[in-house]
Participant: 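Before I ask anything, here is the structure I am working with.
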Amino acid sequence: MKTNFLLFFLFLKFSSALAQEQVEVFFDFNQSKINADSQLKLDNWIRNSKEVHVLRIYGYCDWKGNNQYNDSLSLKRVEVVHGLVEKAGIPIADNYEEKGFGENFEQSLVQSENRKVIVYFEKQKVKASALIPNDSQQTLTEIAKTAKIGDIIKLQMIHFRNRSAFIIADSKPALYELLCMLEEHPNLKIEIQGHICCQLAEDIENISTSRARAVYTFLVQNKINRKRLSYVGFGIQKPIHPIPEKTEAEAEENRRVEIRIVEN
């Protein structure tokens with residue numbers, strides 16, 4: 001019985017570890033400031049980590065210097081990274097842990113690989129309802145009255161030229177409906193999300209982000225405070241239908257712009 005329980009416990013621990021991901025950033029010798037290459041890497045991770053939370057941040061040093069100094073330096077590195085993550089608005093888990101290991105770990109023969117911080121994170125399970133105005137026969141303004149933080153609203157009838165972010169003329173009514181919603185709900189903050197269809201590879205041309213930015217730009221040009229808006233492109237990461245799509249109708253549903261309620 002004890003053996004079965006132990007095996008079950010180990011299975012749970014293994015499954016939990018598989019769900020976790022990590023990003024590593026590196027430091028120059030005797031520095032607590034992230035080096036330039038790693039800063040770019042961290043910035044890119046932050047931009048693409050809208051639905052994760054940070055579980056642990058661990059810091060490390062090379063073996064040069066005494067143990068006390070290296071312990072202190074590894075913690076400073078952790079604090080620097082934690083500050084950047086927190087400033088970017090990446091959520092921190094309730095059971096978050098941070099630790100500085102100094103030089104007390106299995107050192108690499110390449111000293112530059114030992115001067116690092118590892119951020120462990122996992123994707124959040126966000127439950128968000130997809131609200132589709134045309135199906136519910138409600139306007140965006142009506143939907144906004146009952147929308148909750150995290151809700152997703154699919155914008156109908158916003159169309160773009162093929163493989164571009166140019167919004168075609170028949171999209172204007174839908175854009176002005178979105179504008180009216182924001183004007184009539186001055187406390188509402190949204191994230192504009194772009195999606196594409198059909199491509200098996202990643203969004204190499206970054207069209208999904210460009211399309212989300214085009215909607216953002218329209219709203220800013222029409223006097224909506226940019227502090228109420230943000231935008232992100234998900235490429236093919238969140239298709240409604242599996243890619244490659246079986247029909248043009250499926251492709252059309254995957255090729256979409258949505259908004260997520262951030263504050264209401």
Participant: Are K33 and F27 in a cation-pi contact, defined as NZ or CZ under 6.0 Å from the six-membered ring centre and within 45° of the axis?
Facilitator: no
Participant: Determine the sole option in V257, I259, V215, I152 for which the side chain to side chain contact (heavy atoms under 4.5 Å, CB included) test with Q193 is passed.
Facilitator: I152
Participant: Kindly compute the distance separating OH (Y216) from CZ (R228), expressed to the nearest 0.5 Å.
Facilitator: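 If I round to the nearest 0.5 Å, the distance is 12.5 Å.
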Participant: Is any side-chain heavy atom of E122 less than 4.5 Å from a side-chain heavy atom of H53?
Facilitator: yes
Participant: Treat each ILVMFWY residue as a node, draw an edge where side-chain heavy atoms are under 4.5 Å apart, and state whether V220 and M181 are in one component.
Facilitator: yes
Participant: Going by distance alone, is a donor N or O of one side chain under 3.5 Å from an acceptor N or O of the other, for E263 and N187?
Facilitator: no
Participant: Can you name the residues that form a side chain to side chain donor-acceptor pair (under 3.5 Å) with Q31, not counting sequence neighbours?
Facilitator: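 Expected list: none.
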Participant: With clusters built from Ile, Leu, Val, Met, Phe, Trp and Tyr whose side-chain heavy atoms come within less than 4.5 Å, directly or transitively, what are the remaining members of the cluster of L55, listed by chain and number?
Facilitator: none
Participant: Hey, could you give me the OG/NZ distance between S74 and K116, rounded to the nearest 0.5 Å?
Facilitator: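 Output value for this atom pair is 12.5 Å.
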Participant: Verify whether the ring centers belonging to Y96 and H82 lie closer than 6.0 Å.
Facilitator: yes
Participant: V232 and E191: which non-hydrogen atoms are nearest, and at how many Å?
Facilitator: CG1-CD, 3.7 Å
Participant: Could you give all pairs that pass the salt bridge (Lys or Arg N to Asp or Glu O under 4.0 Å) test and reach residues 78-97, with sequence neighbours left out?
Facilitator: E97-K99
Participant: Could you work out, with salt bridge (charged side-chain N to carboxylate O under 4.0 Å, His left out) as the rule, every residue matching D71, not counting sequence neighbours?
Facilitator: none
Participant: List the atom of V80, the atom of S32, and the distance in Å for their closest heavy-atom pair.
Facilitator: CG2-O, 3.3 Å
Participant: Just do the salt bridge (charged side-chain N to carboxylate O under 4.0 Å, His left out) check on E184 and K145 with the steps written out, would you?
Facilitator: CA-CA 10 Å; E184 294 186 30; K145 292 177 182 178; over 6 Å; no
Participant: Looking only at atom types and distance, does a side-chain atom of S38 sit under 3.5 Å from a main-chain N or O of K41, one as donor and one as acceptor?
Facilitator: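 A pair under 3.5 Å: no.
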Participant: Side-chain contact test, heavy atoms from C-beta onward, threshold under 4.5 Å: evaluate it for R260 versus I190 and give yes or no.
Facilitator: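 R260 does not reach I190 side chain to side chain.
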Participant: I153 versus I261: any side-chain heavy-atom pair under 4.5 Å?
Facilitator: yes
Participant: Quick one: CG on L179 to CG on L140, what's the gap to the nearest 0.5 Å?
Facilitator: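 Going from the CG atom of L179 to the CG atom of L140 covers 11.0 Å.
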Participant: Which ILVMFWY residues can you reach from I118 by hopping between side chains whose heavy atoms are under 4.5 Å apart?
Facilitator: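 Members besides I118, by chain and number: Y58, Y60, F101, F105, Y120.
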Participant: So C198 and E245, do their side chains get closer than 4.5 Å, heavy atoms only?
Facilitator: yes
Participant: Mind checking who shares a hydrophobic cluster with L73, ILVMFWY linked at side-chain heavy-atom distances under 4.5 Å?
Facilitator: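 Grouped by the 4.5 Å side-chain rule, Y69 form the rest of the cluster around L73.
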Participant: What distance separates I192 CD1 from R213 CZ, expressed to the nearest 0.5 Å?
Facilitator: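 Reported to 0.5 Å precision, the distance equals 11.0 Å.
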Participant: Looking at every non-hydrogen atom in both residues, tell me the closest pair between A214 and A165 and how far apart they are.
Facilitator: CB-O, 3.6 Å
Participant: Please tell me if the side chains of R115 and N30 come closer than 4.5 Å, counting only heavy atoms from C-beta onward.
Facilitator: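 Result no, sub-4.5 Å side-chain heavy-atom pair not found.
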Participant: So K64 and F29, do their side chains get closer than 4.5 Å, heavy atoms only?
Facilitator: yes
Participant: Show your reasoning for whether side-chain hydrogen bond (donor to acceptor under 3.5 Å, both in side chains) applies to Q39 and N35.
Facilitator: CA-CA 6 Å; Q39 185 65 63; N35 67 35; over 6 Å; no
Participant: In Å and rounded to the nearest 0.5 Å, what is the NZ to CG distance from K189 to L182?
Facilitator: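 Taking NZ in K189 and CG in L182, the distance rounds to 12.5 Å.
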Participant: Return the minimal non-hydrogen interatomic distance between S108 and N114, and the atom names on each side.
Facilitator: N-OD1, 2.7 Å
Participant: Identify the heavy atoms of V117 and I57 that sit nearest to each other, and give their distance.
Facilitator: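 Answer, listing the atom of V117 first, then I57: CG1-CG2, 3.4 Å.
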Participant: With a 4.5 Å heavy-atom cut-off, do I196 and N254 have their side chains touching?
Facilitator: no
Participant: As an exercise, state the distance from CZ of R77 to CD1 of I34, rounded to the nearest 0.5 Å.
Facilitator: 10.5 Å
Participant: Please step through salt bridge (charged side-chain N to carboxylate O under 4.0 Å, His left out) for the pair E258 and R256, ending with a clear verdict.
Facilitator: CA-CA 7 Å; E258 298 170 333; R256 68 198 189 278; 2.8 Å; yes
